[in-house]
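Inspection log for the structure reproduced underneath, given as structure tokens.
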Amino acid sequence: MLLERYLDDLAAATMQEALGLEERPRALLRTTQDPKFGDYQINGAMALAKRLKKAPRDLAGPIAEAMAKHEAIAKADVAGPGFVNLTLDAGWLGRQLAAALGDARLGVDAVEAPEKIVVDFSSPNIAKQMHVGHLRSTIIGWSLVQLYRAVGHEVIGDNHLGDWGTQFGLLIVGMREFGDEGALEKDAIAELERVYKLASKKAKEDEAFAESARAELAKLQGGDPENTALWERFVATTRQTLEAIYARLGVRFDEWLGESAYDAMLPGVVETLLEKGIAREDQGAICVFFHDMDPGAIEGAVEGYALPKRLRKQKQPFIVRKKDGAFLYSTTDIATVLHRKEEMGADRSVYVVGAPQALHFEQLFAVMRLLGVEMGLEHVSFGSVLGEDGKPLKTRDGKTVKLKDLLDEAEQKTREIVEASRAEGKLRIAEEDLDEAVATIGIGAVKWADLMQNRATDYKYDPEKMCSFKGNAGPYVQYQYARVRSLFAEGGLEYEGFEAPIAPEHEAEVGLARVLIRFGDVVHRAAEGSLPNLICDHLYEVASAYSRFYTQCPVLKSEGETRETRLGLAALAGRQLEKGLELLGIEVLERM
RNA sequence: GCCCCCGUAGCUCAGUCGGAUAGAGCAACGGUUUCCUAAACCGGAGGUCGGAGGUUCGAAUCCUCCCGGGGGCGCCA
């Protein structure tokens, strides 16, 4: 069950009845920040006090009295200026947890109105290595796919590849002039990158060369068989390299609809924009100007749509066709939304793209509203990965960090630490499981480090800290999971499908229970706000509450109901750690 | 020129719809192992929430201005 939603409804209904109000008031239920205030607090009495011209504590009194009668509530007190502090009944709490333990969804109820959501993430360019810039989109995007699914939505993960556009003209003429067939066979991306660099340099110096690149691009876009075959080869070989990285990261896509998939729609898109008066020609280019736009005058625009203030102040246009007739990614993005709405029947389209592109998406979404599209459009933006110096992460010699190298480094550091720990006899990883364990821990560490902070802010990438395995880090959480599994193995008990009645009594049992009960609420809040860091927060709390519990409460040596309770709590902690990590795209190990 | 984001402990970061004494981790300091994994646990210390006004019963959170840092904005994606 979703406890917070349940309690909030309960509190609001109780307030209405106890105070004899005509309307349902807002209960303003919050978790307490200190256990001495109980588990939850109702703050609504203070908000009501002014309107009802009464002292907040006089309102809080009857609310507390009525709340205390409910079976879920052990204690309800008025405190401070008018808080109503609620302490959950331990027996009731235990019954809810036992039910969650026997529930395949672990108490994460499905949303009432499931939606079809397209998550647009990762989206690397063809003919280029994936680099740090793709790290966050790939990791956050994959987590969101899991999160939306966990709360009952239908999700389509779409890799919107950069597989079309100007660079292909350069690649075609470049391969002809500088290309090495053998190298292309061996390591396609490295060869394509090398050729692209040479070609783009030459194009800047040699106008005839640049012209032939444009001509080849035009031929490609016109369907020329020879160029199309070359392009297909570039795409296919690049994709192999990409698949290897995704396999390593455990990321999968339902669709790989790159920019090329929308090519045929582009002239029509521009034509429609011109017809409706959304775009106009300016200096040879087709532009959408927002500063002098009146959405009310656009036929078919979303009823009552008002342009964001920020766009009204933006004098620079949103360009949908260049003066040379070529289309841009803005045009492709418009076509993509139309495709997702009309062909895929999506209710929402979510873009996991860095914060610097915020303006582009604001403009894109505005154009879609002007076209009358009402589907949900959301830019899930995130900050940059910075180096030690606080500037965008680069290698020592100033180059972009390749994603593969970053992952290799993380695994290397992990291997050193794991081997040292094994030598000291601290870990129980078998020799033959070492490679797999290093990969699971190392990749998990990278993902945790990325997901644990609020995605909005930039963060400093620190491999030492990430792999140090102390405190709030992925390996710590994985380790606590392994301890749960080890407990069951030690006791000769079946972990999978384990169920038991739960009746917490010991302080550490109750402490763990009051963390575990929040899981469903946390998953929903994370999905609603597209905030995987909330899952990290919760899992870290579960892991540390479990570790505290484990230190204070002997499990296998206890007996009767106490043993049942402790095993039940341990099993549920294990389930939440495993499921929660899965939502982050992080795998677990049974033994560490 | 216009716009957006960020500023919280020595460091890295949380902080939900405005709630009580602003929280974690790391580092540093002190302690815990005949006991189911010590990659663990326990304890103390560490703060003018960039600054100044304002709104509010109540502000790190909302509004205005200022300072500092980062980023974006006509023909790349």
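Convention: sequence-line order gives letters A, B, ...; per-chain numbering from 1.
A centroid separation of less than 6.0 Å is found between the aromatic rings of His360(A) and Phe318(A). Taking the ring centroids of His160(A) and Tyr262(A), they lie under the 6.0 Å cut-off. Here Tyr540(A) and Tyr476(A) bring their ring centres to under 6.0 angstrom of each other.
Checking the phosphate oxygens (OP1, OP2) of rG19(B), no side-chain nitrogen or oxygen of Thr32(A) falls inside 4.0 Å. Contact check, Ser547(A) against rA40(B): no side-chain N or O comes under 4.0 Å of OP1 or OP2. Not one side-chain nitrogen or oxygen of Arg310(A) sits closer than 4.0 Å to the OP1 or OP2 atom of rC3(B). In this model, the phosphate group of rA38(B) is not approached by any side-chain N or O of Lys426(A) to a distance below 4.0 Å at OP1 or OP2. A close approach under 4.0 Å does not occur between any side-chain nitrogen or oxygen of Asn43(A) and OP1 or OP2 of rG18(B). OP1 and OP2 of rC75(B) both lie 4.0 Å or more from every side-chain N or O belonging to Arg321(A).
Among rG74(B), rC75(B), rC36(B), the nucleotide with an atom closest to any side-chain atom of Leu556(A) is rC36(B). Between rC41(B), rU37(B), rG19(B), one nucleotide has an atom nearer to the side chain of Arg30(A) than all others, and that is rG19(B). The side chain of Ser486(A) sits closest to rU37(B) out of rC73(B), rU37(B), rG19(B). Here rC57(B) is the nucleotide among rC57(B), rC41(B), rA40(B) with the atom lying nearest to any side-chain atom of Met46(A). Closest to the side chain of Leu28(A), from the set rA14(B), rC36(B), rC17(B), is rC17(B). The side chain of Tyr476(A) lies closest to rA40(B), out of rU21(B), rG15(B), rA40(B). Side chain of Tyr479(A), nearest nucleotide from rA40(B), rG74(B), rA20(B): rA40(B). Distances from the side chain of Leu328(A) to the nucleotides rC6(B), rA20(B), rA77(B) place rA77(B) closest. Listed nucleotides rA77(B), rG23(B), rC41(B) differ in distance to Asn125(A); the shortest reach to its side chain belongs to rA77(B). Looking at the side chain of Gln314(A), the nearest of the listed nucleotides rC13(B), rC73(B), rU37(B) is rC73(B).
Both distances falling under 3.5 Å, in either a Watson-Crick or a G-U wobble arrangement, occur for no nucleotide opposite rA59(B). Searching all strands for a Watson-Crick or G-U wobble partner of rU34(B) with both distances below 3.5 Å returns nothing. Pair check for rA28(B) finds none; no Watson-Crick or G-U wobble contact set falls under 3.5 Å. Taking a pair to require two hydrogen-bonding distances under 3.5 Å in either a Watson-Crick or a G-U wobble arrangement, rA20(B) remains unpaired. Partner assigned to rC2(B) is rG72(B), using Watson-Crick or G-U wobble distances below 3.5 angstrom. When both distances must be under 3.5 Å, the Watson-Crick or G-U wobble mate of rA52(B) is rU64(B).
Here, rC26(B) and rA22(B) have their P atoms 22 Å apart, quoted to the whole Å. With both ends at atom C1', the span from rG30(B) to rC36(B) equals 28 Å, rounded to whole Å. Across rC76(B) and rG19(B), the matching C1' atoms stand 49 Å from one another, rounded to whole Å.
A cation-pi contact, defined as under 6.0 Å to the ring centre and within 45° of the axis, is absent between Arg485(A) and Phe498(A).
Within 4.0 Å (heavy atoms only), Gln453(A) reaches sugar-phosphate atoms of the nucleic acid but no base atom. Within 4.0 Å of Phe382(A), counting heavy atoms only, lies no atom of the nucleic acid at all. Counting any heavy atom pair closer than 4.0 Å across all strands shown, Glu362(A) reaches no nucleic acid atom. When heavy atoms are screened at a 4.0 angstrom cut-off, Lys36(A) is found touching base atoms of the nucleic acid. Among the atoms of the strands shown, base atoms are found under 4.0 Å from some heavy atom of Tyr550(A). Among the heavy atoms of the strands lying under 4.0 Å from Gln357(A) is at least one base atom, whether or not backbone atoms are also near. Residue contacts shown for Asp324(A) are absent, as no nucleic acid heavy atom lies under 4.0 Å away. Pro554(A) comes within contact range of at least one nucleobase, with a heavy-atom separation under 4.0 Å. Among the atoms of the strands shown, only primed sugar atoms or phosphate atoms (P, OP1, OP2) are found under 4.0 Å from some heavy atom of Glu259(A). Counting non-hydrogen atoms under 4.0 angstrom, Asn533(A) reaches the backbone sugars and phosphates but no base. Counting any heavy atom pair closer than 4.0 Å across all strands shown, Lys470(A) reaches sugar-phosphate atoms only and no base atom. Contacts of Lys460(A) with the nucleic acid, taken as non-hydrogen atoms under 4.0 Å apart, involve only primed sugar atoms and P, OP1 or OP2. Base contact: Cys553(A) has a heavy atom under 4.0 Å from a base atom. Residue contacts for Asp458(A): at a heavy-atom cut-off of 4.0 Å it reaches the sugar-phosphate backbone alone, with no base atom in range.
Residue Val523(A) is tested with Leu534(A), Leu2(A), Leu147(A) for a side chain to side chain contact (heavy atoms under 4.5 Å, CB included); the sole match is Leu147(A).
Under the 4.0 Å criterion applied to side-chain N and carboxylate O atoms, Glu211(A) and Arg214(A) are assigned as salt-bridge partners.
The aromatic rings of Phe365(A) and Tyr351(A) sit tilted relative to each other, their planes meeting at an angle between 30° and 60°.
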- Hey, mind stepping through Asp39(A) and Thr87(A) against side-chain hydrogen bond (donor to acceptor under 3.5 Å, both in side chains) and telling me if it holds? CA-CA 5 Å; Asp39(A) 297 311; Thr87(A) 303; 5.1 Å; no
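Look at CD1 on Ile286(A): it is 17 Å from P on rG74(B), rounded to the nearest Å.
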